[in-house]
2 protein chains.
Amino acid sequence: MPGNYLKETDQALTIFKDYCKKKQMRYTLERETMIKALYRLEGHFAVDDLLRNIRRHNPKARIAKTSVYRALPFLMDAGLLRESIAGVGSIVYEHTLGHRDHDHLRCLRCGKIVEFYSPDLIGIQTRICRKEQFLAVRRINTVNGYCRLCKDTAG
Amino acid sequence: MPGNYLKETDQALTIFKDYCKKKQMRYTLERETMIKALYRLEGHFAVDDLLRNIRRHNPKARIAKTSVYRALPFLMDAGLLRESIAGVGSIVYEHTLGHRDHDHLRCLRCGKIVEFYSPDLIGIQTRICRKEQFLAVRRINTVNGYCRLCKDTAG
DNA sequence: TTCTTATTGCATCTTAGTTGCAATAAGAAT
DNA sequence: ATTCTTATTGCAACTAAGATGCAATAAGAA
Ligand SMILES: [Mn+2]
Ligand SMILES: [Mn+2]
Ligand SMILES: [Zn+2]
Ligand SMILES: [Zn+2]
């Protein structure tokens, strides 16, 4: 858990409090717990990883997976979370605060994920959206293939 | 069904015959049927759409969904098919022959899909892969958001 | 403290995709 | 043409992600 965990979590909670107020939603203990777990997880994760992390850190509170699934769209809409990698099967998320907008290379053999940051690529997408008068909400951009270490044994 | 259907299908069948030979796989009637259906479908489709199309055009032949699922990875590997859109939930495919490599904008409200072609974007991805010594197999790049007609009523 | 109603937990359902296995059929060898 | 090997099929049963209906609970405004 990196040093900026507290700051990010705090910021996330504040953002979500405001979001709830604006949308006349309730700021519940469960959602707060979920956000804290979210910013505890550093890498990419599936819903199940998130749930396990929540339960491990809060053994007495029993938060239902249903609630997590129901909260996710709000957390995404509030800008705390995004779907990050395509082509895996189940959905892979990652938190957004403290990470600049980036994309991924994913190894089909060992599962390794390499992040890359390309303002040029994002710029092209933005330009295309403008041309099509399309309001972008979330981008997802993944190259699946074989990493340096796996590509020889790939066939 | 466009005019180049026959040509594309023919090409696809030939490619897959060669692929089978190379991989010591069997070129079966079921797979041939599947490929024909594949090139009959023009747009983007899920596995279920493909199955329905197959069954409608071949009422007597009963091809099992299991076989379709098992064949898909081979068809992709042979270069006849690709996963095209991310963020939908289930997997969306489209055939490749006769279509240049492109990406998608997808409306979260009405489901409309806008295709766009950007050699620059593809070039950036290629450059990044080279830098990371990463062997690209398939790219997927989708911007989810609201189309021109839906963005006013999006909230 | 009271009251309204959004949210939760649980149980149940749905649906995409997978797996084990006996029956079938490519296609190579004879 | 017939035989033989084994990849592939169809079926049925399974797995796992995610959604849904509903009564109980708890935000948070009054
Ligand atoms: Mn990432
Ligand atoms: Mn397309
Ligand atoms: Zn690898
Ligand atoms: Zn739309």
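Naming: A, B, ... by sequence-line order, numbering from 1 per chain. Every value quoted in this text rests on a predicted model; they were computed, and no experiment measured them.
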- Gap separating the CD atom of B/Gln125 from the OG1 atom of A/Thr142, nearest 0.5 angstrom: 9.0 Å
- Heavy-atom side-chain contact between A/Leu50 and A/Leu41 under 4.5 Å: yes
- Can you list every salt bridge (charged side-chain N to carboxylate O under 4.0 Å, His left out) pair that touches residues 114-126 of chain A, not counting sequence neighbours? none
- Message: When both hydrogen-bonding distances must be under 3.5 Å and the geometry is Watson-Crick or G-U wobble, what is D/dA30 paired with, if anything?
- Response: C/dT1
- Note on the structure: Paired to C/dA16 by Watson-Crick or G-U wobble criteria (both distances under 3.5 Å) is D/dT15
- Task: Between B/Tyr27 and A/Arg62, just flag the one whose closest nucleotide in DNA chain C comes earlier from the 5' side.
- Result: A/Arg62
- Note on the structure: On DNA chain C, more 5' by nearest nucleotide between A/Glu30 and B/Glu30 is A/Glu30
- Note on the structure: From CZ of B/Arg26 across to C1' of D/dG10 the rounded distance in Å is 17 Å
- Message: If I take atom CG in residue B/Asn58 and atom P in nucleotide D/dG10, what distance separates them, rounded to the nearest angstrom?
- Response: 12 Å
- Does a side chain donor of either B/Asp152 or B/Tyr146 reach within less than 3.5 Å of an acceptor in the other side chain? no
- Which two nucleotides bound the region of DNA chain C that has atoms under 4.0 Å from heavy atoms of chain B, read 5' to 3'? C/dA16 to C/dG27
Mind listing the N/O atom pairs, protein and nucleotides 16-19 of chain D, below 3.5 Å?
unit_1, atom_1, unit_2, atom_2, d
D/dG18, OP2, A/Tyr69, OH, 3.2
D/dG18, N7, A/Lys65, NZ, 3.2

- Give the intermediate values and the outcome of side chain to side chain contact (heavy atoms under 4.5 Å, CB included) for residues B/Leu81 and B/Thr96. CA-CA 5 Å; B/Leu81 184 64; B/Thr96 48; 5.8 Å; no
- Item | ring pair (Phe, Tyr, Trp, His ring centres under 6.0 Å) partner of A/His44, the single match among A/His99, A/His104, A/His95 | A/His104
- Task: Might you work through the side chain to side chain contact (heavy atoms under 4.5 Å, CB included) test for A/Tyr27 and A/Tyr19, ending with a clear yes or no?
- Result: CA-CA 9 Å; A/Tyr27 182 79; A/Tyr19 179 85; over 6 Å; no
- Task: Apply side chain to side chain contact (heavy atoms under 4.5 Å, CB included) to the pair A/Leu75 and A/Arg31, showing each step before the final yes or no.
- Result: CA-CA 9 Å; A/Leu75 298 174; A/Arg31 285 168 178 170; 5.8 Å; no
